[in-house]
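Here's the structure we're looking at; comments come further down.
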Amino acid sequence: MNTIVYLVRHSEPFKIHKGVKNTNESLLIENEKSPLSINGEKMAESWACNKEFDSLSSVWSSNYVRAMSTAKYFAYKNDLKVNIDERLNERIHGVESWEDLPRDFEYKQFVDPDYKIGSGESRKEVVERYYSLLIECLDEFRGKKVLIVSHSTAIFFLLMSLCDIKSFNECFFNDEIFFDGSWNYLETFRLEFDSNNKLVNIRNIR
């Protein structure tokens with residue numbers, strides 16, 4: 001029996017109603033602490049009630065607040081705990097403010113797996129930590145259903161290592177496009193692995 005892994009992007013974060021910010025937090029800490037918006041909570045609760053996510057065996061999340069807040073609904077529905085693992089965290093940019101990020105940063109990370117700046121992470125480093133968690137889940141929950149809540153860039157980097165991704169909006173598996181690169185909150189991919197941990201099918205279900 002094949003193993004099903006759902007990769008879910010977190011729900012909508014708290015942004016629209018955010019007012020004046022007077023803190024000395026680093027960009028990384030601010031990013032980690034960002035909660036869900038009111039609408040984001042409602043969206044996550046509604047999506048978790050989809051029958052697709054019945055009978056999950058395990059729920060995992062990055063340690064970002066918005067990811068944990070999303071994962072709790074899937075865990076609650078299946079009477080599970082949320083396992084938190086920093087290997088599922090978003091890519092670390094390595095800058096103190098968004099203004100410090102080079103304009104071609106995203107492109108350079110797409111074409112060069114080793115490219116990074118400052119104290120940030122390369123695509124290769126993100127994939128290594130994320131993939132190690134994925135393999136552990138496949139070995140422990142073989143033949144079952146696992147759900148992982150993470151972040152768009154981290155998920156995209158992992159997919160780049162598993163599929164044929166020619167550009168940001170041309171994502172292929174078995175010569176068929178499965179994703180157009182338009183990221184929405186709660187974007188969800190259903191990955192199916194055989195008993196040898198080989199990816200045999202992938203679908204974008206939201």
Are [Y] and [X] connected into the same hydrophobic cluster when the rule is that any two of I, L, V, M, F, W, Y join if their side-chain heavy atoms are below 4.5 Å apart?
X: L147; Y: L133; value: no
X: Y115; Y: I165; value: no
X: L159; Y: V111; value: yes

Next item on the list: Report the residues that fulfil side-chain hydrogen bond (donor to acceptor under 3.5 Å, both in side chains) with E41, sequence neighbours left out, ordered by chain and then residue number.
Entry: K72, Y73
Notebook entry, point to check: Under the side-chain hydrogen bond (donor to acceptor under 3.5 Å, both in side chains) test, which residues partner E192, sequence neighbours left out?
Noted result: N2
Look at the side chain of [X] and the backbone N and O of [Y], then say whether any donor-acceptor pair between them is shorter than 3.5 Å.
X: E121; Y: K116; answer: no
X: K144; Y: S57; answer: no
X: S69; Y: V65; answer: yes

Check: Quick check: are there more than 12 heavy atoms from other residues, nucleotides or ligands sitting under 6.0 Å from CZ of F110?
Finding: yes
Notebook entry, point to check: Are there more than 12 heavy atoms of other residues, nucleotides or ligands under 6.0 Å from atom CG of D114?
Noted result: yes
[X] side chain near [Y] side chain, heavy-atom distance below 4.5 Å:
X: M160; Y: C171; value: no
X: V95; Y: F105; value: no
X: L191; Y: L162; value: yes
X: S61; Y: T70; value: no

Next item on the list: Sorted by first residue and then second, give each salt bridge (charged side-chain N to carboxylate O under 4.0 Å, His left out) pair with at least one member in residues 56-66; sequence neighbours left out.
Entry: none
Item checked: Residue pairs fulfilling salt bridge (charged side-chain N to carboxylate O under 4.0 Å, His left out) with at least one residue in residues 193-206, sequence neighbours excluded -> none
Among residues at least two apart in sequence or on other chains, which ones pass salt bridge (Lys or Arg N to Asp or Glu O under 4.0 Å) with [X]?
X: R87; result: D85, E136
X: K145; result: none
X: E45; result: none
X: E170; result: none

Check: Can you name the ring pair (Phe, Tyr, Trp, His ring centres under 6.0 Å) partners of F179, sequence neighbours left out?
Finding: W183, F189
Next item on the list: Sequence neighbours left out, what passes ring pair (Phe, Tyr, Trp, His ring centres under 6.0 Å) with Y107? Give chain and number order.
Entry: none
Margin query: Going by side chain to side chain contact (heavy atoms under 4.5 Å, CB included), name the residues that satisfy it together with S119, two or more places apart in sequence or in a different chain.
Written below: none
Notebook entry, point to check: By side chain to side chain contact (heavy atoms under 4.5 Å, CB included), which residues pair with K51, not counting sequence neighbours?
Noted result: D54
Notebook entry, point to check: Is the H151-Y64 ring centre distance short of 6.0 angstrom?
Noted result: yes
Notebook entry, point to check: In this structure, which one of Y6, F53, W60 forms a ring-ring contact (aromatic ring centres under 6.0 Å, His included) with F74?
Noted result: F53
Next item on the list: Assess the side chains of N197 and D139: does a donor N or O sit below 3.5 Å from an acceptor N or O?
Entry: yes
Next item on the list: Over all heavy atoms of both residues, which pair between L88 and S62 is shortest? Give the atoms and the distance, please.
Entry: O-CB, 3.3 Å
Next item on the list: List the steps, then state whether salt bridge (Lys or Arg N to Asp or Glu O under 4.0 Å) holds for D104 with K108.
Entry: CA-CA 6 Å; D104 59 355; K108 284 187 175 180; 3.4 Å; yes
